[in-house]
Amino acid sequence: MKRGGKDRLEIRGVQVSQEASWLAFNRRVLLQTLRPDFPLLERLRFLGIWASNMDEFFAARLSRAFLQERGSARYVALMEEARDQADEASRLYREFLRELAGLGIHVLEPAQLTKAEQQYFGAYLAEEVAPLTDLIRPEAMADLAPQALYFAAGNGLMHHLIRLPESLPRLLPIPGREGSYVRLGALVRMRSDLFVPGKSQLYEFRLIRLAELARSRADWDELPEALEARLDGRVSHLELEDDFPPLWAETLRVALELEPHEVFRLPPPLDLRFVSTAAEDGPASARFAPAKPERAKGFLKDPWGYLDRRDLVLYHPFEDYGQVEAFALAAAQDPKVEAIRATLYRIGARNGIAEALIQAARAGKDVAVLLEGRARFDELANLEWSLRFQGAGVRVLPLPAKKVHAKALYVRRHGQAYAHLGTGNYNPVNGRLYTDLSLFTAEPRITHDVAAFFEALEHRQAPAPAVIRTAQGIREALLEAIAGEAHKKGEIILKFNHLTDPAILLALEEALRQGAKLHLIVRSTLTALWREAQARSLVGRYLEHARVAAFKNKGKWRVWAGSADLMPRNLDRRYELFFPILNSRAKGKVLELLRAQLRDDRNAFILTPEGQEPRWGGKHDGQRMANSR
């Protein structure tokens with residue numbers, strides 16, 4: 001490292017912006033569509049994931065660069081990379097259509113429908129679609145909603161804008177033709193007379209806005225008002241079908257205050273998220289075989305006796321996430337359990353843990369939750385859960401100034417404390433699709449800290465645990481551990497979704513300079529790269545989500561796991577929990593996982609200052625390590 005102006009330390013390694021690094025990750029997602037070892041429908045599913053990710057990029061990930069660097073060469077380069085990916089995705093979609101035909105799956109154009117089918121869909125449009133469709137005057141184009149699919153219509157001049165209802169599926173099955181579909185947008189083009197006065201050709205477009213709430217809020221009573229102003233940020237992106245009339249395109253661009261490089265012309269259909277319908281409905285033979293997760297022997301029969309004897313680490317989804325829900329349910333139903341505490345972040349519409357907490361409260365137990373009302377895009381669902389909790393007698397703790405992203409479940413039973421700590425959200429869908437770690441423990445040093453964490457939040461105080469780390473304490477613990485490895489025999493393994501914190505990156509560079517071995521497993525964003533480090537990203541069947549740090553410590557490895565990614569926002573503006581794995585058996589299991597992923601040559605991309613290189617087709621699948629222990 002070197003010193004910059006005003007004695008500021010600067011990284012010598014190749015630096016990459018968060019936005020560019022995230023786009024590189026989405027490029028890795030797009031490349032999954034080409035994997036020879038994945039079934040066809042699984043490869044198609046990654047095309048839908050790529051499309052969803054790209055919307056997230058323009059709505060949230062791009063925000064800082066859009067507001068601070070717009071128009072710069074670096075910003076234009078981001079647009080060029082995003083455009084290149086969008087062009088590639090359009091090409092891949094057309095290739096998929098040909099491959100899907102081999103499975104008996106067809107996406108037909110309206111002209112390929114029989115007369116009877118055209119009549120049926122004409123009636124469907126008239127009865128189900130047209131009443132829900134907005135007809136908008138062009139004068140209101142500056143107020144268009146994000147992510148919806150629009151059509152522009154007119155003769156010579158643009159006279160009307162049509163907004164398709166987002167509540168209806170984009171891909172419609174054709175009655176009587178199993179495996180055949182027609183796109184809603186194509187049907188609307190076929191019967192434009194149902195949507196605009198007179199005869200007119202329709203041209204497809206959509207836009208993305210920066211996602212923001214109108215103002216920050218301190219607690220639940222302010223959330224509904226803030227949500228009413230959701231997603232009225234500035235337009236950051238516009239997609240037009242490639243035949244969109246040039247004059248109309250320029251009118252839209254100017255009205256939305258976009259630069260030319262922020263407008264993408266693409267072959268229709270726009271918004272490829274709809275391909276997930278075909279991926280889900282297609283034959284099972286073209287998808288991954290259902291997973292058969294394992295369960296820890298004896299744990300569910302008597303979780304309290306099990307944890308009194310030893311800690312338990314689970315690696316989801318290969319070890320059943322349902323064991324976490326069953327643990328919460330056991331606490332709710334056990335008459336000896338006196339109190340339960342939980343942090344809930346993205347829990348979805350149906351959640352076994354939340355239902356167990358409601359059951360426990362109705363049984364007279366002392367139940368309190370920190371339900372995070374500021375979980376982006378999940379605020380409304382969490383607002384609904386807050387009402388359900390309060391109606392059942394669950395105390396919803398006040399929101400602290402910092403967002404709570406920790407994953408903790410605390411149980412007090414007959415004077416004995418138990419805890420679950422995790423790296424993932426308490427979400428039943430994610431628990432079966434994301435790779436995450438769970439720690440169940442009755443270790444007093446851990447359970448005491450978890451209890452103190454909830455106690456502090458309930459009294460609006462800053463948590464100060466002794467063994468577990470939270471907030472800036474996570475950075476401090478990691479900096480100390482990294483410094484301890486800054487020598488020729490030192491070794492560090494970091495596995496995170498995002499690694500962008502400048503202080504931690506500087507400490508890693510210093511450890512490298514002193515001769516330490518550095519292994520990085522970073523799923524999405526990594527903003528510094530060194531030739532001396534071994535950096536990789538894993539993208540496979542499951543979304544890599546666990547956060548783990550391991551330090552050789554002169555051969556006596558120290559291992560931490562938790563909810564935090566190593567980003568300034570997570571360490572400075574959130575309450576995360578980062579916890580040590582103290583039990584030797586549990587520690588060995590986590591180290592086994594890390595080493596398996598460092599050997600992976602089935603799902604890996606090697607990240608270097610020159611770019612990223614896939615490592616596919618090998619024998620070592622780090623996502624499928626032998627996990628029972």
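Computation of the quantities below employed the complete heavy-atom set of this structure, encompassing side-chain atoms and omitting hydrogens, waters and symmetry-equivalent molecules.
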So is R624 actually on top of F318's ring, under 6.0 Å and inside 45° of the axis?
no
Using side-chain heavy atoms (C-beta onward) and a distance below 4.5 Å, is L30 in contact with N26?
no
Atom CG of L344 and atom CZ of R346: how far apart are they, to the nearest 0.5 Å?
13.0 Å
Side chains of Q32 and R35: is there a donor and an acceptor less than 3.5 Å apart?
yes
If you take all heavy atoms of L300 and R295, which pair is closest and at what distance?
CD1-NH1, 3.4 Å
Would you name the heavy atoms of H316 and G431 that are closest together and state the gap between them?
CB-O, 3.9 Å
Between Y426 and T343, which heavy-atom pair has the shortest distance, and what is it?
CD1-O, 3.2 Å
Summary of ring pair (Phe, Tyr, Trp, His ring centres under 6.0 Å) pairs that have at least one residue in residues 544-575, sequence neighbours excluded
Y434-H545
Under 3.5 Å, is there a donor on one side chain and an acceptor on the other for D334 and W304?
yes
Correct closest heavy-atom pair for F579 and I468 would be CB-CG1, 4.1 Å
Side-chain H-bond candidate by donor/acceptor type, Q612 with R28, under 3.5 Å
yes
Going by distance alone, is a donor N or O of one side chain under 3.5 Å from an acceptor N or O of the other, for S17 and R74?
no
If you compare all heavy atoms of A564 against all heavy atoms of L571, which two are closest, and at what distance to 0.1 Å?
CB-CD2, 4.4 Å
In terms of side-chain heavy atoms, does N497 have a donor or acceptor partner in S524 at a distance below 3.5 Å?
no
Can you find a heavy atom in the side chain of I347 that is under 4.5 Å from one in the side chain of N425?
no
Got a donor-acceptor contact below 3.5 angstrom from the D572 side chain to the Q472 backbone?
no
May I ask you to check whether Y418 and D308 show a side-chain donor-acceptor distance below 3.5 Å?
yes
Partner set under side-chain contact (heavy atoms from CB on, under 4.5 Å) for A356, not counting sequence neighbours
A328, L329, A332
Under 3.5 Å, is there a donor-acceptor pair linking the side chains of E576 and S563?
yes
Mind checking whether F496 and F578 have parallel, tilted or perpendicular rings, split at 30° and 60°?
parallel
Indicate whether the side chain of E544 and that of Q623 have a donor and an acceptor atom separated by less than 3.5 Å.
yes
Return the orientation label for the W22 and F57 ring planes: parallel under 30°, perpendicular over 60°, tilted otherwise.
parallel
Test your reading of the model: is there a side-chain donor-acceptor pair from E485 to the backbone of E491, 3.5 Å cut-off?
yes
Taking all non-hydrogen atoms of both residues, which atom of H498 and which atom of D565 are closest, and how far apart?
N-OD1, 3.2 Å
Please round to the nearest 0.5 Å and tell me the distance separating atom NZ of K407 and atom OG1 of T423.
9.0 Å
When you measure from the side chain of R536 to the backbone of Q597, do you find a donor-acceptor pair of N or O atoms at a distance under 3.5 Å?
yes
Check whether any side-chain heavy atom of D449 lies under 4.5 Å from a side-chain heavy atom of R445, and answer yes or no.
no
Considering the options Y306, F299, Y410, which one meets the ring-ring contact (aromatic ring centres under 6.0 Å, His included) requirement together with F440?
F299
List for me each residue that meets side-chain contact (heavy atoms from CB on, under 4.5 Å) alongside V522, sequence neighbours excluded, and say none if there are none.
L499, L520, L526
